Chemist: 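Next up is a structure, given as structure tokens.
Every chain is numbered from 1, with letters handed out A, B, ... down the list of sequences. The structure displayed is predicted, hence computed values, not measured ones.
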Amino acid sequence: MLTLSRKLSTTRSSSTSIASVSPQIFNPVSQIEQKRKILEHRINFVLDDCKTVTQIKQVHGHLLRRGLGQSCYVVTKLIRILTKLDVPMDTYPRLVFEQVKYPNPFLWTAMIRGYAQQGPLSQAIVLYDCMRRAGTGPVSFTFSALFKACGAALDVNLGRQIHAQTILIGGFASDLYVGNTMIGMYVKCGFLECGRKVFDEMPNRDVISWTELIVAYAKSGDMDLARDLFDGLPVKDMVAWTAMVTGYAQNAQPREALDMFERMQNVGVQTDDITLVGVISACAQLGASQYANWVRDVAERSGFGPSENVVVGSAMIDMYSKCGSVVDAYKVFEGMNERNIFSYSSMIVGFAIHGRAHAAIQLFHDMLKTDIEPNHVTFIGVLTACSHVGLVDQGRHLFATMEKYYGVAPSADHYTCMVDLLGRAGHLEEALELIETMPMEPSVGVWGALLGACRIHRNPDIAQLAANHLFELEPNDIGNYIVLSNIYAMAGRLDDVSRVRKLMRGKGLRKNPGYSWIEAEKGQIHEFFAGDTTHRMSIEIKQALEDLLVRLKARGYQPDLNSVAYDVSDEEKKRILMTHSEKLALAYGLVSTNAGCTIRIMKNLRICDDCHAFMCGASQITAREMVIRDNMRFHHFHDGMCSCGNFW
DNA sequence: GTTGCCATCC
């Protein structure tokens, strides 16, 4: 770097003569100029075609022999191509640069950009200083490059200094490109307010300035502000619309995302693969299979079908599996021309949440035969698969070897999977031991998995231990108090039950509202809250449930009163159970759809014991297939049985 | 010659 600086500073003395040695810049378009243009165009063409450094060197050698190899234009182009190929700036690029006697601002900037991209950022700044000392004024492109680099390096202090420079030098603070990249720099560094200030003070703004802020607000979780900006945007293009669709999808507002996309289509804006990925993710969250099929049609028609686009395809695997159809997910997977780690992981996770453990593990082994390497999500998938089916040894083995064989160090999430696996299988002591030997601080997830296992295996002592940790880590989460009091209730420890309930009341905690939703005809989504009587078919729903209850009771079904956490009479408990949101959704499904049609229900919380038993019975009595997605996994109810084998 | 939107797990 020292040599470079020295070399660079020697150009200072000669820099004053740049204008005098390039007279043609100030001439009208001459014949020579035209010839030069044609030549540059050809050089561009040839260099753009180069795929390797060797090829570039050959072309450069050729140009040197023709006396063209040291022109700013050619060298700038060379540096840009070399940067794209990620050739270290200190090697060949610097060598070529040093051969140029009078670098122009674009050449300097190409070098600065190269150093900025490869880091460390300080080298780019050294170069910038050299350029200034050489008497060369920066161009807007220079600042764009620097702001982009600061954004990538999350170095807001440096960004601020360069911001000051743009004001100091004059003329640049009002430049559109400079402003836009400056907004980008601030928002990437997390200084949204500063980005907004730049935006507000910009004399000229374009759709890119707007989109940058919309995305920033969306990423910060504030879709209302994003929406305000978007509504005020005079000319909305595809990227801006996509930013809104994706923003809603990322903020768990899938219905708003789908509304946005429909509006976008109505306005006649084009759709690209990135838009589709946002829409697909919204469908996955909603679990709406009719929407899913519609989106697939749109994707195929726009030329971004799952078979030709690996990102769209991977997103669709996830979508179909979360819509309850692991079969459709696998069809997409099979039909893909190219697959990557996302495709495999999504499919493995898909099999796992549908309880198809062996398919998940088989696919994992198929993947190992390709050159795609598993990542942490892949292991979450296979471990979850083992856990849902009780493949303890298989899971232990994978967990023990994941780092050694596959280079994936277990994270807290993987420990959570293991605690879940061991705990569900009844190895509560072993699960506890694993937590105690974790190399990181045990997370909420880990203790939560242990507490859940204690519920299944009715172990109040370990439950108490797990719950105490949870009360410390998330004192305001009511779920933990409810589970613990249920476990005490099942063990007949009524004093402990009232103690926990008192604790709960003392904190003024309220239960997280449970809700379920179901897709009806024409893709409409019907939402039901627990105890909901607002649906227009409420009377029919109630009637259908009562009929079902009578028939189920005749076959021995008894309401599971432990599933109600409140201090109320048994009669009241029975009433509460009958208004659980998934039962309401089921009844609506039964009265509104044809026989032979699978009823698909989505739910925000975990399905309770009583509802699970109720669904099993209902599937037999009504001879209907039901698929319920709770916040953990899928349950496929068929002829009185559930695919989870009552193990969840 | 530069700037904005991308999927699996959590």
Chemist: Should we count CD of A/Gln270 as having more than 12 external heavy atoms under 6.0 Å?
Modeler: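 Count not over threshold, so no.
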Chemist: OP1, OP2 of B/dT3 versus side-chain N and O of A/Lys148: anything below 4.0 Å?
Modeler: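 Yes, A/Lys148 has a side-chain N/O under 4.0 Å of OP1/OP2 on B/dT3.
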Chemist: Hey, does A/Val277 reach any base, or is it just sugar-phosphate, or nothing, if we go heavy atoms under 4.0 Å?
Modeler: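 A/Val277: backbone/sugar contact only, no base atoms under 4.0 Å.
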Chemist: When the distance from CD1 of A/Ile372 to P of B/dT8 is rounded to whole Å, what number comes out?
Modeler: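 Taking atom P of B/dT8 as the reference, CD1 of A/Ile372 is at 17 Å.
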Chemist: Compare side-chain N and O positions of A/Lys84 against OP1 and OP2 of B/dG1 and report whether any pair is under 4.0 Å apart.
Modeler: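 A/Lys84 to B/dG1 OP1/OP2: no side-chain N or O under 4.0 Å.
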Chemist: Measuring from the side chain of A/Val207 (C-beta onward, heavy atoms only), which nucleotide among B/dG4, B/dC5, B/dT2 has the closest atom?
Modeler: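 That would be B/dG4.
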Chemist: Between B/dC5 and A/Gln250, is there an OP1 or OP2 to side-chain N/O distance shorter than 4.0 Å?
Modeler: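 For B/dC5, OP1/OP2 do not have a side-chain N/O of A/Gln250 under 4.0 Å.
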Chemist: How is A/Thr384 classified with respect to the nucleic acid when contacts are heavy atoms under 4.0 Å: base, sugar-phosphate, or nothing?
Modeler: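 A/Thr384: no heavy atom of the nucleic acid under 4.0 Å.
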Chemist: For A/Arg80 and B/dT2, is the shortest distance between a side-chain N/O and OP1 or OP2 below 4.0 Å?
Modeler: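 So the side chain of A/Arg80 is within the cut-off, an N or O lying under 4.0 Å from OP1 or OP2 of B/dT2.
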Chemist: Take A/Glu300 and A/Arg296, measure what salt bridge (Lys or Arg N to Asp or Glu O under 4.0 Å) needs, and give me the verdict at the end.
Modeler: CA-CA 6 Å; A/Glu300 305 269 10; A/Arg296 189 187 178 138; 3.2 Å; yes
Chemist: Can you tell me which nucleotide in B/dG4, B/dC10, B/dC5 comes closest to the side chain of A/Asp413?
Modeler: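 Side chain of A/Asp413 sits closest to B/dC10.
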Chemist: Do the non-hydrogen side-chain atoms of A/Tyr415 and A/Pro439 ever get within less than 4.5 Å of each other?
Modeler: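 Side-chain contact under 4.5 Å: yes.
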Chemist: Over how many whole Å does the gap from A/Leu78 atom CG to B/dG1 atom C1' extend?
Modeler: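 Result: 14 Å.
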Chemist: Using 30° and 60° as the class limits, which term best fits the ring planes of A/Phe351 and A/Tyr330: parallel, tilted or perpendicular?
Modeler: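 The arrangement is tilted - the two ring planes meet at 30° to 60°.
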Chemist: A/Lys322 and A/Asp318: salt bridge (Lys or Arg N to Asp or Glu O under 4.0 Å), yes or no, with the steps?
Modeler: CA-CA 6 Å; A/Lys322 290 202 175 128; A/Asp318 177 56; 2.9 Å; yes
Chemist: Across the strands shown, which category fits A/Val311 at heavy-atom distances under 4.0 angstrom: base, sugar-phosphate, nothing?
Modeler: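 A/Val311: base contact, heavy atoms under 4.0 Å.
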Chemist: Just grab all the ring pair (Phe, Tyr, Trp, His ring centres under 6.0 Å) pairs involving residues 192-215 of chain A, residues at least two apart or on different chains.
Modeler: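 Listed once each, the pairs are A/Phe199-A/Trp210.
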Chemist: Remember a base hit wins even if backbone is also touched, and classify A/Asp273 as base, sugar-phosphate or nothing at under 4.0 Å, heavy atoms.
Modeler: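 Nothing, no heavy atom under 4.0 Å.
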Chemist: When you measure from every atom of DNA chain B, which of residues 343-352 of chain A have a heavy atom less than 4.0 Å away?
Modeler: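 DNA chain B contact set from residues 343-352 of chain A: A/Ser345, A/Ser346, A/Val349.
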Chemist: Can you check the A/Met238 CE to B/dC6 C1' distance for me, whole Å?
Modeler: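 These atoms are roughly 12 Å apart.
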Chemist: Looking at A/Asp206 and B/dG4, is any side-chain donor or acceptor paired with a base atom of the opposite kind under 3.5 Å?
Modeler: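 Flag unset: no donor-acceptor pair detected.
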Chemist: Would A/Gln362 and A/Asp366 count as a side-chain hydrogen bond (donor to acceptor under 3.5 Å, both in side chains) here? Give the steps.
Modeler: CA-CA 6 Å; A/Gln362 181 59 51; A/Asp366 289 349; 3.1 Å; yes
Chemist: How close or far is atom P of B/dC9 from atom OH of A/Tyr406, stated in whole angstroms?
Modeler: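 Taking atom P of B/dC9 as the reference, OH of A/Tyr406 is at 22 Å.
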Chemist: Near DNA chain B, which residues from residues 178-190 of chain A have a heavy atom under 4.0 Å away?
Modeler: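 Of all residues in residues 178-190 of chain A, the ones placing a heavy atom under 4.0 Å from DNA chain B are A/Asn180, A/Thr181.
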Chemist: Only counting residues at least two apart or in another chain, list the ones meeting side chain to side chain donor-acceptor pair (under 3.5 Å) with A/Asn337.
Modeler: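 By the side chain to side chain donor-acceptor pair (under 3.5 Å) rule, A/Asn337 matches no residue at all.
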Chemist: My understanding is that only residues two or more places apart in sequence, or in another chain, count here; which of them pass side chain to side chain donor-acceptor pair (under 3.5 Å) with A/Lys148?
Modeler: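 Counting only residues at least two positions away or on another chain, A/Lys148 forms no side chain to side chain donor-acceptor pair (under 3.5 Å).
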Chemist: Tell me: CD of A/Gln285 to C1' of B/dA7, nearest whole Å?
Modeler: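 Distance check: A/Gln285 CD to B/dA7 C1' gives 12 Å.
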Chemist: Return the value, rounded to whole Å, for the distance between atom CZ of A/Arg113 and atom C1' of B/dT2.
Modeler: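 After rounding, the reported distance stands at 7 Å.
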Chemist: Mind telling me whether A/Trp294 and A/Tyr291 have parallel, tilted or perpendicular rings, with 30° and 60° as the class edges?
Modeler: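 Judged by the thresholds at 30° and 60°, the geometry between A/Tyr291 and A/Trp294 is perpendicular.
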Chemist: Does the structure place the NZ or CZ of A/Arg160 under 6.0 Å from the centre of the six-membered ring of A/Phe191, at an angle of no more than 45° from the ring's axis?
Modeler: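 Relative to the ring axis of A/Phe191, which defines the angle, A/Arg160 lies inside both limits.
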Chemist: A/Asp200 vs A/Lys197, test: salt bridge (Lys or Arg N to Asp or Glu O under 4.0 Å). Steps then yes/no.
Modeler: CA-CA 5 Å; A/Asp200 287 336; A/Lys197 193 158 177 286; over 6 Å; no
Chemist: Can you measure A/Ile208 atom CD1 to B/dT2 atom C1' for me and round it to whole angstrom units?
Modeler: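 In whole Å, B/dT2 C1' and A/Ile208 CD1 are 10 Å from each other.
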Chemist: In terms of side-chain heavy atoms of A/Tyr177, which of B/dC6, B/dT3, B/dT8 is nearest?
Modeler: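 So the side chain of A/Tyr177 is nearest to B/dT3.
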Chemist: Any stacking of A/Phe106 on B/dG1, going by centres under 5.5 angstrom and planes within less than 30 degrees?
Modeler: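 It does: the ring sits over the base of B/dG1.
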Chemist: Tell me which residues in residues 312-323 of chain A put a heavy atom below 4.0 Å from DNA chain B, sorted by number, or none.
Modeler: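 A/Ser314, A/Asp318, A/Lys322, in order of number.
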Chemist: In terms of relative ring orientation, are A/Trp241 and A/Phe230 parallel, tilted or perpendicular, with 30° and 60° separating the classes?
Modeler: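 The rings of A/Trp241 and A/Phe230 stand perpendicular, inter-plane angle above 60°.
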Chemist: For a quick check of understanding: with a heavy-atom distance under 4.0 Å over all strands, which category does A/Val245 fall into, base, sugar-phosphate or nothing?
Modeler: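 A/Val245: no heavy atom of the nucleic acid under 4.0 Å.
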Chemist: For A/Glu338 and B/dC6, give me the distance from atom CD to atom C1', rounded to whole Å.
Modeler: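 Atom-to-atom, A/Glu338 to B/dC6, this comes out as 14 Å.
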